[in-house]
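Here the structure comes first, spelled out in structure tokens, and everything after it is commentary.
Bear in mind the structure is a predicted one, so any value in this text is a computation, not a measurement. Each chain gets a letter, A, B and so on, in the order the sequences are listed, and its residues count up from 1.
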Protein chains: 2
Amino acid sequence: MSDYIPVHGQRPRRVTARMVAEAAGVSRSAVSRAFTDGAYLDDKKRTKIREVAAILGYKPNALAAGLQGGRSHLVAIFVGDMRSPYDTAFVGQLVGELNALNKWPILIDGGGQRAATAIEDVLRYPLDALILRGGSMSADIVSQCTKYAIPMISSGRPIEAPDVDNVCCRHSDGTKEMTETLIRQGRTRFGFLAGPADFYSSAIRKGGVLEALKAAGLSLVAESLGDYTVAGGHSSAKQLLSSHAIDALICANDAMAIGALTAAREMGLAVPKDLSVVGFDDISMASWPMFDLTTVRNPIDASVTEILNLLERRLATPGKQSETVFIDTQLVLRATH
Amino acid sequence: MSDYIPVHGQRPRRVTARMVAEAAGVSRSAVSRAFTDGAYLDDKKRTKIREVAAILGYKPNALAAGLQGGRSHLVAIFVGDMRSPYDTAFVGQLVGELNALNKWPILIDGGGQRAATAIEDVLRYPLDALILRGGSMSADIVSQCTKYAIPMISSGRPIEAPDVDNVCCRHSDGTKEMTETLIRQGRTRFGFLAGPADFYSSAIRKGGVLEALKAAGLSLVAESLGDYTVAGGHSSAKQLLSSHAIDALICANDAMAIGALTAAREMGLAVPKDLSVVGFDDISMASWPMFDLTTVRNPIDASVTEILNLLERRLATPGKQSETVFIDTQLVLRATH
DNA sequence: CGGCTAGGTGAACACGTGTGCACACCGTGC
DNA sequence: GCACGGTGTGCACACGTGTTCACCTAGCCG
């Protein structure tokens, strides 16, 4: 295995370029050049140095290199809710893509009480960028990032500030299209299961529903407030369905729709015959056989791709104008409409 | 908002201690001392410097500080499968706790093709520790970490190597206890829905089942291979149930159990009357009203706490002996047994 | 009033790397 | 033989911080 013999109490230091230089009988500069592409260095010398480095287990220290004024390759991701299936899947995808680009994502749980101080502390690192996925951030932090010239890219909650780019799903187009489909299908008495009052996504998704209803001369029959979770959707839907006679329930996200679907079935309602239940996001559970939920896809792949594009563009042109990229939704017609 | 005026093409540099020193009319050393606790510095001077720093938006650069030989406060988390609900919840909890301890987790998606090179690249940063959640890592990398004196803590797949600590759930005790409970309940014809062949957790969980069956003079009636996903569990269970008459199906994890539960219901089997279906992990979905799954809890809180304990102990005593901490499971008796 | 202590301060160094600059070497063309 | 251009290479600096070391001042005691 390893030939390293631990010395009690004194932990071995990291191998530095100097040690490699001494071992290989060259100057420290040569070692540095051996690891930088396009530097003048004799080919034989380069391979020699690399061999010695491999034996000693040397890697250039990224911290010291980052000090040089270039990029640190560190990217912070501020996650609104680490427990939400959508955010989790989103972050998983984003992390994988960043890894592939040699960017190293530092995660910050935006849900905890310490979120504000955590983001404050992580700003001590010279980050290449800060990516926001859902959740909200104080204007202070935003302006601080601007001062540090740290590019910010927000997804899920648009931020209007200089040097902040946004990736935004066309929420209202999605729910509007879905509502139109349900109307065309003959549904007339609509209910809406909303998310928390201060969630941007819930409000704008509702807007699309109202727009479509108004155009058809209809209006919302019932509305209830949920918390974007399955359990919350279950109890909210139970209450709503027992007090109002509706034939279509549009939920602000999939998690609540899954809860609502279960509640409807428990109450003896046939879905989709008596009632259509639809969600938003198309999380992986929506396609599970026991749900087979009709929903509006909020595409993760496209959003992540656009985030990386925006990041690249801003790193190339730091002073550029803020951009907002819109992502088209897709109707996913399964078995509950 | 901010008084920062972008200069086209020339991005503003980060504020350094020197700039603060000049602005406040003190030495650079004084600025450094103003931000380190317990350093000799006149109180009035300290508050003055901090005020100026706040106005300029100065924060000590963590990269430069990390170069000093102390800790970098960076911790890498290698995640076996970013799409698995259990791993995702685990990592979410871990990230939150690390944030609270002022440790900054760099995530690496261990699922992708690039996982091996990614971990190799991230080792260029002087990490305080490397935490493994599931997935497997080459012996090369492990010995490399040892050489660098980077503490490694593995959860979900024990690694036997010097300087590697393990947090390990008592898998077989959990499934053994569960099997005993089912036997006591009168079940006699057992099936097992296994995970991928090379998964440590699946094999050892099966071991507990076999142990309990043997003690009761029973044996496994049927077994099928799944892939630890809901869809996989659904199809594997369908096949297994249509070819074997069993009254208890033990699944290697919850995701497959949820799939199996759905398959059983689709096939007209009454759960738990005709068939009991149980899982392992107690992921959040297990408690959803439509499943209400009986399962063995693989406690995330306790595991994460122990990881942090081990981390603290190893940072305090770098040369210490490897430790393995075992985590007790808990039977969660819901509605499917 | 002299010596001593304790608190306060700035210069200087160390951390590990990338790179500009000057210089050495070598082959070629005149 | 000499000028010249191209290739290698080492020295030295820069990056931004924490910390040691020497020094200074003020205050107190004898």
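The side chain of Arg33(A) sits closest to dG10(D) out of dG8(C), dG18(C), dG10(D). Which of dC15(D), dC15(C), dC11(D) sits closest to the side chain of Leu67(B) comes down to dC15(C). Comparing dG18(C), dG10(D), dG8(D) against the side chain of Ser29(A) picks out dG10(D) as the nearest. Distances were taken from every side-chain heavy atom of Arg28(A) (C-beta onward) to each of dG18(C), dT19(D), dT17(D); the shortest belongs to dG18(C). The Gln68(A) side chain lies nearest to dC15(D) when the options are dC15(D), dA12(D), dT17(D).
Phosphate proximity of dT17(C) to Tyr58(A): present, with a side-chain N or O under 4.0 Å from OP1 or OP2. Contact between the side-chain N/O atoms of Tyr40(A) and the OP1/OP2 oxygens of dC23(C) is not found at any separation under 4.0 Å.
The base of dC15(D) lies outside donor-acceptor range of the side chain of Thr16(B), with no N or O pair under 3.5 Å.
Within residues 41-53 of chain A, no residue places a heavy atom under 4.0 Å from DNA chain C.
When the options Asp81(A), Asp87(A), Asp109(A) are evaluated for a salt bridge (Lys or Arg N to Asp or Glu O under 4.0 Å) with Arg133(A), the one that passes is Asp87(A).
Per the geometry, CG belonging to Asn61(A) stands 18 Å off P belonging to dA14(C), to the nearest Å. Rounded to whole angstrom, the span from the CZ atom of Arg18(B) across to the P atom of dG10(C) amounts to 16 Å. Atom C1' of nucleotide dG18(D) and atom CG of Leu63(B) are separated by 15 Å, given to the nearest angstrom. As a whole-Å value, the separation of Phe35(B) CZ from dG16(D) P is 16 Å.
Side chains of Leu107(B) and Met82(B) form a contact here, defined as non-hydrogen atoms less than 4.5 Å apart.
The existence of a salt bridge linking Asp42(B) and Lys48(B) is excluded, since no basic side-chain nitrogen approaches an acidic carboxylate oxygen closer than 4.0 Å. For the pair Asp163(A) and Arg314(A), the salt-bridge criterion is met [side-chain N within less than 4.0 Å of a carboxylate O].
The cationic group of Arg157(A) lies under 6.0 Å from the six-membered ring centre of Phe199(A) and within 45° of the ring axis, placing it in a cation-pi geometry.
Taking NZ of Lys45(B) as the reference point, atom CG of Asp43(B) lies at 12.5 Å (rounded to 0.5 Å).
Applying the side-chain contact (heavy atoms from CB on, under 4.5 Å) test to Ala54(B) and every residue at least two apart in sequence or in another chain returns nothing.
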